Amino acid sequence: MSVTRMDGLRAGTAAGTAVGPEPPEAAWEAFRRAAESAPAYREVLRAAGIDPASERDWDAVPVLSRRTVFARGAAGWLAHGGITDAVEIVCSSGQSGPPFAMGLSGAGAADRMRERVDGLLTALGAGPGSPSLLVNALPMGISVPSDLATCATPSVHPEMALHVLTCLAPAFDRVLLVAEPLFLAELARRWAAHGPVHPETWIVTGGEPVAEAWRGHVCRLLGLDVHRVTISMGAAEVGLHLLHEVPELALARSIAAADPVGAARGTWGELCDGAYVPALLTYDPSRLHVETRPDATGIPRLLVTTLEDVPLPLIRYDLGDVAMVLGDDASAALAARTGVPLPAPLVALAGRGAHLRTASGARVRPEAVRERLFGDARLAGDLTGRFRLRATDAGEVLECHLEARERTAPGPGVEAALGDLERWLWELGGVPTRVVRHGAGAYPYHPEGDWTHKARYLDPEVAAA
């Protein structure tokens, strides 16, 4: 078995971690298929001196990035008949700016997605004699097809979504709500304030890293058990719902979050700096080959290879996320610590690769700050969850700008919480820190009420590093 080692993390932190499974024969078939059908990929292989007909060293196969594939347009990367033969074009969020990524769905892709959605609904008890409501509150027209549920598509219109949940949902036996985290948090606050929540509510979220403290906040608002909120991770260019939680993983993460440092021993080590617990996700190995590979700084990045015959074949594609594939020993250690049996394969997803370095050399990751904000009840109810980290004066000062939900000045409890946050950030970053709370409408980094665009948690020049 080939092992990708984490040279950038201190030795002895994570026995059995960063282990990617040996690529199955399906991965080699996808590699050769892409080389045959995509002219631009053939050029990449030629430049690397790779003969796709004879190559058998997977580590020698080039790693692809969004810039590699999309900088000059994706036409040369498309298989089959090109873009005009695609059944659907899936747009990316555009979060990282140009070049914009995209995905293409071929014939049958919508049917396969419908089967996955209906499979989830069936597991929740849906059926012809038990009506279900699927509320799709995702932005940008992302489709969540189903034959088992009645579908409502309020998108990111909070008043319309609330109307569906309060006035229409009671007629159904269960509600499956699909939305991105910050919009969901706001919707949950309004739904809880409106009155009783549908007792059979299930939530699927993703689109950006999801803090375990965020899940706790939403579950408390809506009176839900932890396993009723599920994380799903995908990307436009490789497909939706690629990596996902099952109830056991949601429960294990919530238990591990009580002791992030202890949970990291023998599992993911210093991947999260001991500040938080990564998302624990599984995937279908018949659809995807997943591995991790250290970047230039030694931090393991998540690479995926699409195994199915798709219009846009991507081999060893770097999604820009920090992650580990947990081997048998790490999975067993986590299962023993949490008391929860865990499925395989298992990936620990720490979040995006971008972070901020202060003059002290400390790394400040948005994921750690997100956990802190939603983990403090005084701040979780006062803030939207959007924030911006900035290093000023050559990194000698760390700034954290926060967006409040209300235009009013913070009360004493929030003032005290902001002071606690400032001290925590000072300790985390090792430099003097300034926390600024901006009232609703005054936050300078995101338009008020804009739920379509994802928040940017770092200055663009930092995020691009």
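Computed from a prediction, not measured in an experiment: that's the story for all the values here.
- With S360 contributing its side chain and G429 its backbone, the two residues share a donor-acceptor pair below 3.5 Å.
- With a 4.5 Å cut-off on side-chain heavy atoms, L251 and T338 do not count as touching.
- Salt-bridge annotation for E159 and R190: present, with a side-chain N of the basic residue lying under 4.0 Å from a carboxylate O of the acidic one.
- Taking both residues in full, the closest heavy atoms of V431 and A359 are given as CG1-N, 4.1 Å, listed atom of the first, atom of the second, then distance.
- Between L342 and L249 the shortest side-chain heavy-atom distance falls below 4.5 Å.
- Ring pair F374/W214 is perpendicular by interplanar angle, where above 60° counts as perpendicular and below 30° as parallel.
- Two residues are said to be in side-chain contact when any heavy atoms from C-beta on lie closer than 4.5 Å; E396 and P432 fail this criterion.
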Stepwise side-chain contact (heavy atoms from CB on, under 4.5 Å) test for R388 and D459
CA-CA 7 Å; R388 178 67 66 93; D459 278 350; 3.0 Å; yes
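- Closest heavy-atom contact between V164 and A152: CG1-CB, 3.9 Å.
- With respect to the salt-bridge test (charged N to carboxylate O, under 4.0 angstrom), the residues D321 and R301 do not qualify.
- With respect to the salt-bridge test (charged N to carboxylate O, under 4.0 angstrom), the residues R363 and D273 qualify.
- Between the T230 side chain and the R228 main chain, no donor and acceptor come within less than 3.5 Å of each other.
- Contact annotation: the side chain of S132 never approaches that of L148 to less than 4.5 Å [non-hydrogen atoms, C-beta and beyond].
- Y457 carries R370 over the face of its six-membered ring, with the cationic atom under 6.0 Å from the centre and within 45° of the normal.
- Closest of all the heavy-atom pairs between A192 and L221 is CB-O, 3.3 Å.
- To the nearest 0.5 Å, atom CD of residue E245 and atom CG of residue L349 are 10.5 Å apart.
- When all heavy atoms of A323 and T292 are compared, the pair lying nearest together is O-CG2, 3.2 Å.
- The six-membered or imidazole ring of H446 lies away from that of H453, with a centre-to-centre distance of 6.0 Å or more.
- Under the 4.0 Å criterion applied to side-chain N and carboxylate O atoms, D259 and R337 are not assigned as salt-bridge partners.
- A distance of 14.0 Å separates CD1 in I203 from OG in S232, rounded to the nearest 0.5 Å.
- Proximity of S146 to L121: side-chain heavy atoms (C-beta onward) are separated by under 4.5 Å at one or more points.
- Interatomic distance, OG1 of T201 versus CZ of R174, reported as 11.0 Å (0.5 Å rounding).
- Judged by distance alone, with hydrogens and angles left aside, the side-chain atoms of E371 form a donor-acceptor pair with the main-chain N or O of A213 at under 3.5 Å.
- Checking side-chain atoms of T122 against main-chain N and O of D118 turns up a donor-acceptor pair under 3.5 Å.
- Rounding to the nearest 0.5 angstrom, the gap separating the CG atom in L177 from the CH2 atom in W191 is 6.5 Å.
- Side-chain N or O atoms of H217 include none that pairs as donor or acceptor with a backbone N or O of L373 at under 3.5 Å.
- No donor-acceptor pair under 3.5 Å is formed between the side chain of E403 and the backbone N or O of T384.
- Using a 4.0 Å cut-off between a side-chain N of Lys or Arg and a carboxylate O of Asp or Glu, R189 and E186 qualify as a salt bridge.
- Here the side chain of D225 pairs no donor or acceptor atom with the backbone of H227 at under 3.5 angstrom.
- A salt bridge is absent between E427 and R423: the closest approach of a Lys/Arg side-chain nitrogen to an acidic carboxylate oxygen does not fall below 4.0 angstrom.
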Check the pair L182 / R386 against side-chain contact (heavy atoms from CB on, under 4.5 Å), numbers first and verdict last.
CA-CA 8 Å; L182 296 189; R386 298 189 189 102; 3.6 Å; yes
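- Closest approach of V210 and G206 over heavy atoms only: CG2-CA, 4.3 Å.
- Neither side chain, R215 nor T205, offers a donor N or O lying under 3.5 Å from an acceptor on the other.
- Between E180 and P139 the shortest side-chain heavy-atom distance falls below 4.5 Å.
- R316 has a carboxylate O that lies under 4.0 Å from a charged side-chain N of E291, or vice versa, which qualifies the two as a salt bridge.
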So E237 and V69, side-chain contact (heavy atoms from CB on, under 4.5 Å) or not? Walk me through it.
CA-CA 10 Å; E237 56 268 47; V69 176; over 6 Å; no
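- Rounded to the nearest 0.5 Å, atoms CG (L168) and NE2 (H163) are 4.5 Å apart.
- For the pair V414 and R437, the minimum side-chain heavy-atom distance is below 4.5 Å.
- At distances below 3.5 Å, at least one donor-acceptor pair connects side-chain atoms of R253 with backbone N or O atoms of V277.
- Classified by interplanar angle (parallel below 30°, tilted 30° to 60°, perpendicular above 60°), the ring pair Y443/Y445 is perpendicular.
- Looking at every heavy atom in both residues, G441 comes nearest to E448 through CA-OE1, 3.3 Å.
- Here T68 contributes atom OG1 and D318 contributes atom CG; the two are 9.5 Å apart, rounded to the nearest 0.5 Å.
- Between P131 and T150, the closest side-chain pair of non-hydrogen atoms is not below 4.5 Å.
- Formation of a donor-acceptor pair under 3.5 Å by the T282 side chain with backbone atoms of P343 is not found in this model.
- At distances below 3.5 Å, at least one donor-acceptor pair connects side-chain atoms of R405 with backbone N or O atoms of G381.
- At a cut-off of 3.5 Å, with distance as the only test, a side-chain donor of R365 or Y276 sits close to an acceptor on the other residue.
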Let's go through L421 and R372 carefully: what are the C-alpha distance in whole Å and the side-chain angles of both, what is the deciding distance for side-chain contact (heavy atoms from CB on, under 4.5 Å) to 0.1 Å, and is it a yes or a no?
CA-CA 8 Å; L421 174 65; R372 177 75 185 195; 3.6 Å; yes
